[in-house]
Each structure stands twice: as structure tokens, then as C-alpha cells.
Trainee: 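Sharing a structure with you now.
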Amino acid sequence: MNKISRIAVLTSGGDAPGMNAAIRAVVRTASYHDLHVYGIYRGYDGMINGNIKRLDKADVANIIHTGGTMLKTARSQEFRTVEGRAMAYQSLIAHDIDACIVIGGDGTYTGAKVFVEEHDIPFIGIPGTIDNDIYGTDYTIGFDTAINTAVEAIDKIRDTADSHNRLFFIEVMGRHTGYIALHTGIGTGAGSIFLPETDTDLNDFVKQLQKSSKRKKLFNVVVVAEGNQNGNAMEIAKTIEEKYGVESKVTIIGHLQRGGSPSAFDRVLASRLGYSAVEALLNNKKNLVLGVLNNQISFHSFQEAISLKKELRQELVHMAEVLSQ
Ligand code: F6P
């Protein structure tokens with residue numbers, strides 16, 4: 001007999017396309033094993049306030065293709081306090097919850113890590129964030145959809161940029177990590193990619209721009225991560241105009257990247273992670289985060305996931321430079 005009979009699931013932090021597919025996989029896998037599943041609404045705030053409801057198989061029908069999260073989400077300030085976490089624990093006890101599955105990014109994992117140090121309820125983390133910045137997994141849920149959305153938008157911008165021969169700075173999300181910018185830049189053949197991790201020299205950038213215009217090479221799309229060290233796309237465009245007299249247009253793709261129907265890749269990834277999270281709990285694994293590395297399910301501690309940085313793959317950064325010449 002396994003000790004676990006009631007599992008709770010929540011989504012927290014920024015929503016990501018595919019979270020619903022992960023919730024569905026958790027509920028269906030648990031139901032297959034005759035476990036009860038409880039949905040916690042609005043992330044850790046819902047855990048504190050007892051916003052917890054039973055979910056059965058039918059509750060997750062027809063959601064695999066939907067963006068957002070049926071459980072809603074929040075960035076809880078109260079869960080950062082000892083008192084908040086104590087209240088959350090009481091809510092879980094009141095609902096006889098034996099284990100929790102939390103879907104989110106580093107903020108979600110940080111909350112989980114502190115909680116399990118204080119209270120004896122097993123947690124399993126599933127990486128859900130468009131940023132793809134979680135250590136221990138090649139991909140996070142939502143990243144693939146987000147870059148496809150950005151690529152689709154930039155393909156459209158390229159048509160008008162090309163017709164008018166205009167330079168566009170296109171801002172994508174990523175405050176601290178340039179995964180979205182790098183993959184979107186490669187996927188759209190951007191002339192240049194401004195990442196948060198690298199310090200782009202604006203003098204060099206303008207020289208490169210002038211060189212390519214002499215060669216009549218079309219250089220009209222620059223992808224900027226919102227956390228670039230020269231500022232956001234608006235600020236960079238302003239500096240380039242004031243300092244070098246180069247005019248440009250700016251498009252901020254923003255929260256468009258967070259919505260929409262998840263790609264097939266994200267649906268499969270989310271299904272695998274949701275399924276594996278329940279299986280892990282049934283195999284007495286606890287306080288771990290799941291990922292997929294080299295197409296195999298991987299496990300890391302919360303501590304590793306939040307303290308180790310997933311570095312950008314430098315060969316991809318170099319490749320993007322080579323291909324944009
Ligand atoms: O972490 C996901 C993310 O979409 C980041 O890429 C972005 O910087 C941030 O969330 C935006 O957060 P909010 O929706 O709270 O403004």
C-alpha cells in the first residue's frame with residue numbers, strides 16, 4: 001500500500017502555454033492509480049487561503065490545447081513569510097493532502113524549497129515558464145510555443161521592414177536569460193541578437209549595420225531580450241538614433257508570447273512531466289524537480305534547480321553570429 005492517496009497540484013508565477021496539458025496529465029495519471037487530486041487555485045496564495053477543490057478526470061477534459069492555466073496563477077508575496085507558509089500547511093492538512101505538485105519557474109521552486117524545509121509534505125516541481133531558464137532540463141513548458149509565437153510575429157514584421165527598408169528592434173521576453181531571444185533570433189535569421197548575458201557594443205553594432213548596408217545586405221531585424229544591458233528595445237533605438245543618427249522602429253512582442261494554444265512539442269513535454277511527477281511520488285521520490293535531459297526524465301533537488309544557472313549554449317550564440325554575416 002502506498003501512503004500517498006491525495007495529491008494537490010498548482011501553477012505559480014508567469015503562466016506558460018502547456019500548463020493545462022501538465023495539469024491534465026497529473027489528474028489523469030493520478031486517477032489511473034486511484035488517487036484523488038485537488039487543484040489549488042491562484043498558486044501559493046490559494047494554498048494559503050484554502051482555495052482548493054477536487055478535480056476529477058472530467059474536469060481536465062478539453063484543455064490540452066488551451067493556453068493559460070485553468071488553475072490560475074499568482075506571484076505570492078505572503079508565501080515568502082513564515083506565517084504565510086504555516087497557513088498554507090494548515091490548508092493542506094485540512095484537505096488531507098499527502099503531496100503537492102507545483103508547476104512554475106524559479107520563484108515557484110524557491111517557495112517549494114523553503115516550504116519543505118519547514119513542513120513535512122513532499123513536493124515535486126515541474127518546470128513551467130516560457131523563459132527556459134531552469135537548470136536540469138533542456139526545455140521548460142511554454143518555451144517552444146513562445147518562440148514560435150515570436151517567430152511568427154517577426155516573419156510578419158519582416159515583410160513591412162523589407163518593403164520600406166526599415167530597421168526594426170523587436171523586443172522579446174527574458175529579463176535574465178536570453179533563451180527566447182537567441183532561439184527567436186536564429187529562427188528568424190535576425191541581423192543581430194541582443195542578449196541579457198552579453199554586453200553588445202553599440203559602436204560595433206552600428207559598424208556592422210553600415211558594413212551590411214554597403215554590401216546591400218538586408219539587415220532589418222534585430223531581436224532584443226528585454227533584459228539586455230544596453231536597455232530595452234525602446235531605449236536602444238533611442239540611443240542609436242541620438243548617437244548615430246540611425247532611425248528605426250520598435251515592436252514589443254510582450255505578453256503575446258505567454259498566450260495561445262501550446263505547440264505539439266509543449267503538449268508532449270507537459271504530458272510527460274505531469275505523468276512522471278505522479279509516478280515519482282508513487283515511487284516515494286520527494287522534494288525534487290523534474291526535467292527532460294537528452295530526452296530522458298531527469299531529477300534534481302530544489303536547491304540545485306534554483307542555485308545552478310542554466311547557461312546559454314555558447315556554440316548557438318557563435319552560430320547565430322556566423323549565420324547573420
Ligand atoms: O518569467 C516569465 C516572464 O514572462 C518573463 O519572461 C517576463 O520577464 C516576466 O515573466 C513578465 O512578468 P509579468 O507577467 O509579471 O509582467
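Counting convention: from 1, in listed order, for ligands and their atoms alike.
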Trainee: Take T177 and E197 through the test side chain to side chain contact (heavy atoms under 4.5 Å, CB included) and record every step on the way to the result.
Mentor: CA-CA 7 Å; T177 330; E197 291 87 347; 3.4 Å; yes
Trainee: Check D15 with R258, please: is the shortest side-chain N to carboxylate O separation under 4.0 Å?
Mentor: yes
Trainee: Against heavy atoms of G174, which atoms of ligand 1 measure under 4.0 Å?
Mentor: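 Listed by number with element: 6 (O).
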Trainee: Which residue and non-hydrogen atom of the protein lie closest to atom 9 (C) of ligand 1, and at what distance in Å?
Mentor: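 Ranked first by proximity to atom 9 (C) of ligand 1 is R175 NH2, 3.5 Å.
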Trainee: Is I180 touching ligand 1 with its side chain, its backbone, both, or neither, if touching means heavy atoms under 4.0 Å apart?
Mentor: neither
Trainee: Could you check whether R267 and S261, counting side-chain N and O atoms only, form a donor-acceptor pair closer than 3.5 Å?
Mentor: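 Result is yes, a qualifying pair exists.
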Trainee: Please test F205 against S192 for side chain to side chain contact (heavy atoms under 4.5 Å, CB included), starting from the C-alpha separation and ending with a verdict.
Mentor: CA-CA 8 Å; F205 168 74; S192 189; 3.8 Å; yes
Trainee: Just to confirm my output: which protein heavy-atom neighbour is closest to atom 16 (O) of ligand 1, and how far is it?
Mentor: H255 NE2, 3.5 Å
Trainee: Considering only the protein, which heavy-atom contact is closest to atom 3 (C) of ligand 1, and what is its distance?
Mentor: R258 NH1, 3.5 Å
Trainee: Note the single closest protein heavy atom to atom 8 (O) of ligand 1, along with its residue, its atom name and the distance in Å.
Mentor: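 For this ligand atom, the closest protein heavy atom is E226 OE2, 2.5 Å.
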Trainee: Between Y135 and D106, is there a side-chain donor-acceptor contact under 3.5 Å, judged purely by atom types and distance?
Mentor: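 Short answer, no.
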Trainee: Number the atoms of ligand 1 from 1 as they appear, then name those within less than 4.0 Å of a heavy atom of M173, with their elements.
Mentor: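 Within the 4.0 Å cut-off of M173, ligand 1 contributes 4 (O), 6 (O), 7 (C).
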Trainee: Return the minimal non-hydrogen interatomic distance between T140 and N132, and the atom names on each side.
Mentor: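 Looks like N-OD1, 2.9 Å.
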Trainee: Do any heavy atoms of Q257 fall under 4.0 Å from ligand 1?
Mentor: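 Q257: no contact with ligand 1 (<4.0 Å).
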Trainee: What is the ring orientation for H119 with F115, classed by angle as parallel under 30°, tilted 30 to 60°, or perpendicular over 60°?
Mentor: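 H119 and F115: tilted rings.
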Trainee: Report yes or no: do Y38 and V26 belong to one cluster of Ile/Leu/Val/Met/Phe/Trp/Tyr joined by side chain heavy-atom distances under 4.5 Å?
Mentor: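 Result: no, two separate clusters.
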Trainee: Suppose I only count heavy atoms of I130 and a 4.0 Å limit; which atoms of ligand 1 are within that range?
Mentor: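 Atoms satisfying the 4.0 Å criterion: 4 (O).
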Trainee: Could you find the nearest protein heavy atom to atom 12 (O) of ligand 1 and give me its residue, atom name and distance?
Mentor: R75 NH2, 2.9 Å
Trainee: Considering heavy atoms of the protein only, find what lies nearest to atom 6 (O) of ligand 1 and give residue, atom and distance to 0.1 Å.
Mentor: D131 OD1, 2.6 Å
